[in-house]
Amino acid sequence: MTEQHTLKEKLATLRVEHRDLDDIITRLTGQFPVDQLQIQRLKKRKLLLKDLIARLESQLLPDIIA
């Protein structure tokens, strides 16, 4: 496998996890009582995933000399 193929697979996995966390957060905010600490941790993980996704996407794009 090439490095680019590996990065694309990792990117797809991270996007799925990010989407799943979004669904979980939405579901948890609709329940009572709301566990703010758990929601805060999930949002922090989701933000970390967003940063990782952005980093991988930038690695996949070729450098363009302006």
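Throughout, residue positions are numbered sequentially from 1 according to the sequence presented.
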Sequence-distant partners of R41, side chain to side chain donor-acceptor pair (under 3.5 Å), two or more places apart
none
Working to the nearest 0.5 angstrom, can you tell me the gap between [X] [atom1] and [Y] [atom2]?
| X | Y | atom1 | atom2 | result |
| --- | --- | --- | --- | --- |
| L60 | E3 | CG | CD | 9.0 Å |
| Q38 | Q31 | CD | CD | 8.5 Å |
| Q4 | T6 | CD | OG1 | 10.0 Å |
| L49 | L56 | CG | CG | 10.5 Å |

Going hydrophobic residue to hydrophobic residue with side-chain gaps under 4.5 angstrom, can you get from L28 over to L47?
no
Can you get from V16 to L48 by hopping between Ile, Leu, Val, Met, Phe, Trp and Tyr side chains that sit under 4.5 Å apart?
no
Take atom CD in Q59; do more than 12 heavy atoms of anything else shown fall under 6.0 Å from it?
yes
So [Y] and [X], do their side chains get closer than 4.5 Å, heavy atoms only?
| X | Y | answer |
| --- | --- | --- |
| L7 | K10 | no |
| L11 | R15 | yes |
| I24 | L42 | yes |

I'd like to know if K8 and E57 make a salt bridge, using a cut-off of under 4.0 Å between side-chain N and carboxylate O.
no
Minimum-distance pair of heavy atoms, taken over all atoms of L21 and R45:
CD1-CG, 3.5 Å
Heavy-atom pair of closest approach, residues V34 and T29:
CG2-O, 3.9 Å
Residue list, side chain to side chain contact (heavy atoms under 4.5 Å, CB included) with D22, at least two apart or on another chain:
T26, K46
